[in-house]
> 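Below is one structure. I have some questions about it.
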There are 2 protein chains.
Amino acid sequence: MSLYLRELQTRLEDGQERVSSRALGASLGLTDAQIRKDLALFGSLGQPGRGYQIIDVLKRLRQMMGRDQSWPVVVVGIGNIGRAITSYGQFKTEGFDIVGVFDIDPKVVGTKSAGRVVRSMADLRATIVEHDVRLGVMTVPKASAQDVADQLIAAGVVGILNFAPKRITAPPGVSIVSVDFTVSLEQLAFQVWLAGNFEDGTK
Amino acid sequence: MSLYLRELQTRLEDGQERVSSRALGASLGLTDAQIRKDLALFGSLGQPGRGYQIIDVLKRLRQMMGRDQSWPVVVVGIGNIGRAITSYGQFKTEGFDIVGVFDIDPKVVGTKSAGRVVRSMADLRATIVEHDVRLGVMTVPKASAQDVADQLIAAGVVGILNFAPKRITAPPGVSIVSVDFTVSLEQLAFQVWLAGNFEDGTK
DNA sequence: CCATGTGAATGGATTCACAGCT
DNA sequence: AGCTGTGAATCCATTCACATGG
């Protein structure tokens, strides 16, 4: 869904002003009807015969998704993935502001990651409360995932992006999105296997 | 889908022998009917009144997904994410074997990542051919993503796990699975936003 | 009695198709 | 003509419900 944002942004940067639903669909792998349905949900923005004014749709999308303001974010767990996240410049341009990075390991606490000082878990709650943080990114080992999640939630976080290969349970009202490399790889392997064994398309 | 694998594995390690569809569903957040439909697809494995014999289902699943053999994998792009991937021990136990790691940067080539020597792109094709590699993991910048993908495909790779924030185009017969941190975060932000604005459930 | 496998029903999302605007 | 917005039709996945087997 936020794929719309990216695609429209790149098109705008390419100097384009308008798109038709057909063209957008081709880029995103959807049908033109699907595009129109989706965009119509956000209010009618297209001009029949002319297509969509990219800048207007972008503005509306950002507004609708609460993306017109910046979201403060904390990152817990500064291993390889944590470092990748904190040094990933794109987040800031997409409206996410990392206001604190934390780790449980005393050897890591105090070091820097992408220019940010890693702080101890003891400071977590204060930071969350101070910046009114609602989103947390967790890149911690499987064993501590649920524990860290509980701490985040207790401090007021209502959305967690979880990189641990473990299902996190959370009370209603708290959203969890998980990214699991192994699962992704297995999905890929499965697709490849499917393609190899049913190349005729026999479902 | 490969979530079944993980869940069943942990249950087996816990010393359990059988599960009912209801219990499995509770763990995975699905209904019991859903579980039965899925498993029935792989052939009837459950005993009415007793549930599923975990070890049998696992065996069948691995077989079905081509997961009874090991998949050789190459990793291209040894930045933070690349390092995270190569040092992620879980892959090996899940049947994926990293047979080569590569980078375009001469400063990185020759260094070690998780005990593996990073090699130059010039060696990529030979490695793929030699090990009959069909899966590639790409953790490269947006700008070189398509180029690297083309190289992988030209050498014989038919499945790519892409971490670059860019849609990769590939000829039919080649599968692409993309992992995009920004998109995941945005999904999360959107869910949180939804929960905050429609807590009454007014769709 | 417990739990599977599966046809039937349900619901949601995708696609079709077309009226209407430019 | 080109393209949007939207009801109608269609498809797909999930859920229900029940007959059947241990």
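All chains are named by letter (A, B, ...) in the order of the sequence lines, taking the proteins before the strands, and each is independently numbered beginning at 1.
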> Under the side-chain contact (heavy atoms from CB on, under 4.5 Å) test, which residues partner A:Val140, sequence neighbours left out?
A:Val76, A:Met138, A:Ser144, A:Ala145, A:Val148
> Identify each donor-acceptor pair in which a side-chain atom of residues 91-101 of chain A lies under 3.5 Å from a protein atom, sequence neighbours left out, and give them as a table.
| from | atom 1 | to | atom 2 | distance (Å) |
| --- | --- | --- | --- | --- |
| A:Thr93 | OG1 | A:Gln90 | O | 2.8 |
| A:Glu94 | OE2 | A:Gln90 | NE2 | 3.3 |

> Separation of A:Gln34 atom CD from C:dA13 atom C1', in whole Å?
7 Å
> Mind calculating the distance between CG (A:Leu41) and P (D:dT4) to the nearest angstrom?
16 Å
> So, using side-chain contact (heavy atoms from CB on, under 4.5 Å) as the criterion, who are the partners of B:Ala155 when residues are at least two apart?
B:Arg125, B:Ile128
> Tell me which pairs pass ring-ring contact (aromatic ring centres under 6.0 Å, His included) where either residue lies in residues 119-138 of chain B, with sequence neighbours left out.
none
> Is a donor from one side chain sitting under 3.5 angstrom from an acceptor on the other, for A:Arg36 and A:Ser21?
yes
> Please identify each residue that fulfils salt bridge (Lys or Arg N to Asp or Glu O under 4.0 Å) with B:Arg11, with sequence neighbours left out.
B:Glu7
> Check side-chain contact (heavy atoms from CB on, under 4.5 Å) between A:Thr169 and all other residues, then give those that pass, not counting sequence neighbours.
A:Gln146
> In whole angstroms, how far is the C1' atom of C:dC16 from the CZ atom of A:Arg36?
10 Å
> Please report the distance, rounded to the nearest Å, between CG in A:Asp38 and C1' in D:dG5.
13 Å
> Could you tell me how far apart A:Gln53 (CD) and D:dC3 (P) are, to the nearest whole angstrom?
15 Å
> Test of understanding: with side-chain contact (heavy atoms from CB on, under 4.5 Å), list the residues that count as partners of B:Pro171, not counting sequence neighbours.
B:Ile153, B:Val174
> With sequence neighbours left out, what residues match A:Arg6 under salt bridge (Lys or Arg N to Asp or Glu O under 4.0 Å)?
B:Asp180
> Please list each protein N or O that sits under 3.5 Å from an N or O in nucleotides 7-11 of chain D, with the distance.
| from | atom 1 | to | atom 2 | distance (Å) |
| --- | --- | --- | --- | --- |
| D:dG7 | O6 | A:Lys37 | NZ | 3.2 |

> Give each protein N/O atom lying under 3.5 Å from an N/O atom of nucleotides 19-22 of chain C, with the pair distance.
| from | atom 1 | to | atom 2 | distance (Å) |
| --- | --- | --- | --- | --- |
| C:dT22 | O4' | A:Pro48 | O | 3.2 |

> For B:Tyr52, which residues count as a ring-ring contact (aromatic ring centres under 6.0 Å, His included) partner, sequence neighbours excluded?
none
> How long is the line joining CD1 of B:Ile54 and P of C:dT4, in whole Å?
12 Å
> Of the residues in residues 14-32 of chain B, which ones touch DNA chain D at a heavy-atom distance under 4.0 Å?
B:Thr31
> Under 4.0 Å, counting only non-hydrogen atoms across every strand here, what does B:Ile35 touch: a base, just sugar-phosphate, or nothing?
nothing
> Side chain of B:Tyr52: nearest nucleotide among C:dC18, C:dG5, C:dT14?
C:dG5
